Amino acid sequence: MKYHRCGRSGLLLSEISLGLWHNFGSVDNFENAESIAVEAFDKGITHFDLANNYGPVPGSAEENFGKILWHNFQGNLRDEIVISTKAGYTMWNGPYGDWGSRKYLLSSLDQSLKRMNVDYVDIFYSHRPDPETPIEETMMALDHAVRSGKALYVGISNYSAEQTRVAVDVLKQLGTPCLIHQAKYSMLERWVENGLLDVLEEKGVGCIAFSPLAQGLLTDKYLNGIPENSRAHNPNGHLKENEVTQERIQKLIQLNEIAQNRNQSLAQLALAWLQKDKRITSVLIGASSVKQLCNNIDCLQNTEFTHDELNAIEKILA
């Protein structure tokens with residue numbers, strides 16, 4: 001495992017990070033979740049990413065991670081890991097449990113710390129921009145989180161290139177630099193290439209890519225259509241059946257051929273492809289089992305691409 005400097009900060013992040021969006025909630029098997037987290041750390045992953053509403057139920061991923069910390073990361077081991085959490089999506093009913101107000105962000109952070117039973121998080125994010133709240137108010141809340149000792153660094157997620165420029169400038173004026181931007185980025189979701197990565201490079205802000213496998217679409221699971229036990233088949237899943245088109249399946253088949261020629265799975269190819277851009281500090285993966293976790297980490301065994309491979313991938317994706 002390699003560790004990349006996050007923007008122009010002093011913080012190093014593992015090139016692969018573990019996200020707890022799925023498989024760590026109250027509806028999931030705790031022993032399995034604990035095994036995944038411990039194996040991730042043993043493999044060199046030091047960054048664990050959460051949000052207030054991860055579950056289901058909302059908040060339960062943080063509660064379970066707090067238990068995992070208590071069982072496995074006591075004492076100095078807390079200083080060997082980076083914990084991030086976020087607020088910005090719906091967490092509780094009423095006018096104060098959503099979006100980007102100072103009241104919501106700071107009260108949510110207090111609740112997150114209690115659920116995880118920690119004194120601080122390493123990174124606290126504004127999970128999404130709020131069209132109704134001045135960006136200055138949201139950034140002042142992030143600045144206060146650091147000055148109060150409840151977060152060491154702050155970041156933003158799902159902000160456009162222009163919104164990012166404004167947010168980063170406000171934070172700089174406040175004296176709390178923006179550490180990182182968490183953006184949805186994969187072979188099939190490339191909006192960050194249209195300006196955002198340029199802004200982050202200019203401003204010295206790191207970038208961590210989430211949903212690098214497009215909710216599982218960039219795996220061999222969908223090469224023959226939609227299987228019964230897939231996310232796309234689940235009506236409550238984030239990947240919808242109408243996203244698994246025949247055109248996309250044909251692209252997946254062609255990408256899988258390139259992966260096989262590199263002695264990789266399609267998932268490993270997709271994860272390695274993100275590593276090629278030095279502006280990407282870390283790639284955020286999920287896992288439903290220790291085996292899947294280890295298979296994904298094995299992408300790091302081959303992250304170099306020839307020009308012919310990159311050109312072939314671009315032709316397929318186009």
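In this text, all values refer to a predicted model and were calculated from it rather than measured experimentally.
- The backbone N or O of L113 sits nowhere less than 3.5 Å from a side-chain atom of N117 that would complete a donor-acceptor pair.
- A salt bridge does not link K150 to D119: none of the charged nitrogens lies less than 4.0 Å from a carboxylate oxygen.
- Looking at heavy atoms from C-beta onward, L271 lies in side-chain contact with L213 at the 4.5 angstrom threshold.
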task: Tell me, with the steps shown, if L69 and I81 meet side chain to side chain contact (heavy atoms under 4.5 Å, CB included).
output: CA-CA 10 Å; L69 289 175; I81 62 174; 3.5 Å; yes

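- Contact detail for C299 and A272: the closest heavy-atom pair is O-CB, 4.1 Å.
- A distance-only check finds no donor-acceptor pair linking the side chain of E39 to the backbone of V290 [under 3.5 Å].
- The heavy-atom pair separating N296 from A267 by the smallest distance is OD1-CB, 4.0 Å.
- Under the 4.5 Å side-chain heavy-atom criterion for Ile, Leu, Val, Met, Phe, Trp and Tyr, I36 and I16 are members of the same hydrophobic cluster.
- Between the CG atom in L293 and the CG atom in D42 there is a gap of 10.0 Å [rounded to 0.5 Å].
- For the residue pair S17 and D49, no side-chain donor N or O sits within less than 3.5 Å of a side-chain acceptor on the partner.
- Cluster membership for V38 and L18, using ILVMFWY side-chain heavy atoms within less than 4.5 angstrom, is not shared.
- At least one donor-acceptor pair under 3.5 Å links the side chain of N311 to the backbone N or O of H307.
- Within a 6.0 Å radius of NZ in K291, no more than 12 heavy atoms belonging to other residues, nucleotides or ligands are found.
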CA sep, side-chain torsions, deciding dist, call: L310, W273, side chain to side chain contact (heavy atoms under 4.5 Å, CB included): CA-CA 9 Å; L310 290 175; W273 181 83; 4.3 Å; yes

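- Judged by distance alone, the side chain of S282 and the main-chain N or O of S14 form a donor-acceptor pair under 3.5 Å.
- Between the side chain of S35 and the backbone N or O of S289, no donor-acceptor pair lies under 3.5 Å.
- Few gaps surround CG on D79; more than 12 heavy atoms of other groups in view lie less than 6.0 Å from it.
- Side-chain contact check for V82 versus Y153: every heavy-atom pair is 4.5 Å or farther apart.
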field: Trace of the side chain to side chain contact (heavy atoms under 4.5 Å, CB included) decision for L266 with T219
entry: CA-CA 5 Å; L266 176 55; T219 67; 5.6 Å; no

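- The shortest distance between side-chain heavy atoms of L142 and L171 falls below 4.5 Å.
- Between the side chain of Q182 and the main chain of I156, no donor-acceptor pair closer than 3.5 Å is present.
- Of all heavy-atom pairs spanning E34 and N72, the tightest one is OE2-ND2, 2.8 Å.
- Here the shortest heavy-atom pairing between L174 and R147 reads O-NH2, 2.6 Å.
- Electrostatic pairing of R165 and E202 counts as a salt bridge here, judged by a charged N lying under 4.0 Å from a carboxylate O.
- F65 does not carry R115 over the face of its six-membered ring by the limits of under 6.0 Å from the centre and within 45° of the normal.
- Using a 4.5 Å heavy-atom threshold, the side chains of V205 and L179 count as separate.
- Checked for salt-bridge contact, K43 and E15 miss the test: no charged N lies under 4.0 Å from a carboxylate O.
- Note: the hydrophobic cluster containing W21 does not contain Y125 (ILVMFWY, side chain heavy atoms under 4.5 Å, direct or indirect links).
- Here the side chain of W191 pairs no donor or acceptor atom with the backbone of Y185 at under 3.5 angstrom.
- Between the side chain of T281 and the backbone N or O of C207, at least one donor-acceptor pair lies under 3.5 Å.
- Ion pair D110/K114 not flagged as a salt bridge, since none of the NZ, NE, NH1 or NH2 atoms sits closer than 4.0 Å to an Asp/Glu carboxylate oxygen.
- For the residue pair T85 / E62, a side-chain donor-acceptor distance below 3.5 Å is found, with atom types taken as modelled.
- A 4.5 Å side-chain heavy-atom check between R78 and I83 finds at least one atom pair inside the cut-off.
- Residues M116 and F41 share a single hydrophobic cluster, defined by chaining ILVMFWY side chains whose heavy atoms lie under 4.5 Å apart.
- In this structure, E247 places its CD atom where only 12 or fewer heavy-atom neighbours from other residues, nucleotides or ligands lie under 6.0 Å away.
- Of the inter-residue distances, the one linking R5 atom CZ with R8 atom CZ reads 12.5 Å to the nearest 0.5 angstrom.
- The backbone N or O of D98 lies less than 3.5 Å from no partner atom in the side chain of T90, so there is not a single donor-acceptor pair.
- Side chains of Q292 and S288: a donor-acceptor N/O pair is present below 3.5 angstrom, by distance only.
- When atom types are taken as modelled, the side chain of S186 and the backbone of E189 share a donor-acceptor pair closer than 3.5 angstrom.
- Scanning both residues, Y89 and N52, for their nearest heavy atoms gives O-ND2, 4.5 Å.
- Between A145 and F124 the shortest heavy-atom distance is CB-CD2, 4.0 Å.
- Taking CZ of F30 as the reference point, atom CG of N64 lies at 5.5 Å (rounded to 0.5 Å).
- Using modelled atom types and a 3.5 Å distance limit, the side chains of S160 and Q163 yield a donor-acceptor pair.
- Cation-pi geometry between K103 and Y96 is satisfied (NZ or CZ under 6.0 Å from the ring centre, within 45° of the ring normal).
- Between H181 and Y159, the two ring planes are perpendicular [angle over 60°; tilted spans 30° to 60°].
- Once rounded to the nearest 0.5 Å, the distance linking CG of D220 with CD1 of I253 reads 12.0 Å.
- Under the 4.5 Å side-chain heavy-atom criterion for grouping Ile, Leu, Val, Met, Phe, Trp and Tyr, I45 is not connected to L284 through any hydrophobic cluster.
- Annotation: side chain of N158 is in contact with side chain of F210 (closest heavy-atom distance under 4.5 Å).
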- prompt: Between W99 and R128, does a side chain to side chain contact (heavy atoms under 4.5 Å, CB included) hold up when you go through it step by step?
  reply: CA-CA 7 Å; W99 292 105; R128 63 172 170 173; 3.4 Å; yes

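- Interatomic distance, OG of S84 versus CD1 of I180, reported as 7.5 Å (0.5 Å rounding).
- Within the 4.5 Å cutoff, the side chain of V168 has no heavy atoms near those of the K172 side chain.
- For the atom pair CD of Q173 and CE of M140, the computed distance is 11.5 Å after rounding to the nearest 0.5 Å.
- Other residues, nucleotides and ligands contribute only 12 or fewer heavy atoms inside 6.0 Å of the CD atom of E304.
- In this structure, the side chains of V146 and L152 stay at 4.5 Å or more apart for every pair of heavy atoms.
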